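Nothing here was measured: the structure is a model prediction, and the numbers come from that model. Note that the numbering runs from 1 along the sequence shown for the chain.
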Amino acid sequence: MEINANFDERAVVHAGSVPWVPSPMAGVERRMLDRIGDEVARATSIVRYAPQSHFAPHTHGGGEEFFVLDGVFQDEHGDFPAGSYVRNPPQSRHTPGSTSGCTIFVKLWQFDPGDRNPVRLGPSQITLKAASDADPVAVVVLHHDAREKVTLEHWPAGASIRRAPADGIEILCLEGTFAEGGEEFTAQSWLRLPVGTALNAVADSEGCSVWVKEGHLAHVSAKPPAG
């Protein structure tokens, strides 16, 4: 399966209006944003767990990164309410599920194969701060290494967001609205701009909150192994 698999092109999915697709696990549905592969895939998705749904224990051969959009995600490492950010590195193992139900934004098989550093941040550990009086965009860095930078950002009302061409950028709108490329992005709208493309976005009159990843598209991995 291939969905938005050409990383040299701009890609957009307004996932809030896309039907949910059942996964092989009962009670777990997804909205696929990009994908290379079948059930073992390099994938970016929004995944919804119904109450009392759980996956069987499994190992993430290529790593798993997720941000909890609503509800409470659970595994052996604890309870992760909305606003939590987690990185389970390659070869990590867990039994994910949700007693009350939850929705997460998740990326699979997009790690450095040698990465073994878990990250588990709850909402109380994530505080956005304005960069300066001259730059009112509020930011918190969730993860930063030689390959990529992951942030949460609040773009204030009417802010023009300009970022020069770099090693690719990916944005998920969490709340509010922004415009880019003649399109309006609302909650669960996803944008991916290729390497060398500048970002030119404008927040609406209410502002918006976004999840942002930069730099990673210079390291797009090959299709993961089958099985």
Glu175/Thr186 under side-chain hydrogen bond (donor to acceptor under 3.5 Å, both in side chains): CA gap, chis, key distance, verdict: CA-CA 7 Å; Glu175 293 182 321; Thr186 59; over 6 Å; no

Geometric cation-pi criterion Arg30 and Trp20, 6.0 Å radius, 45° cone: no

Among Val139, Leu174, Val140, Leu128, find the one that has a side chain to side chain contact (heavy atoms under 4.5 Å, CB included) with His154. Leu128

Whether Arg116 side chain and Pro113 backbone form a donor-acceptor pair below 3.5 Å: yes

Could you tell me whether a side-chain N or O of Ser23 sits under 3.5 Å from a main-chain N or O of Val28, the two making a donor and an acceptor? yes

Return the set of residues passing ring-ring contact (aromatic ring centres under 6.0 Å, His included) with Phe178 (not counting sequence neighbours), or none when no residue passes. Trp155, Phe185

Residues passing the ring-ring contact (aromatic ring centres under 6.0 Å, His included) test with His94, sequence neighbours excluded, are His58, His60

Is it true that, when you exclude Glu183 itself, more than 12 heavy atoms of the residues, nucleotides or ligands shown sit nearer than 6.0 Å to its CD? yes

Within 45 degrees of the axis of the six-membered ring of Phe111 and under 6.0 Å from its centre: does Arg87 put its NZ or CZ there? yes

Under 3.5 Å donor-acceptor, Arg192 side chain and Glu170 backbone: no

For Glu206, is the CD atom crowded, meaning more than 12 foreign heavy atoms sit under 6.0 Å from it? no

Centres of the Phe66 and Phe105 rings: under 6.0 Å? no

Less than 4.5 Å apart, any side-chain heavy atom of Val119 and any of Glu65? no

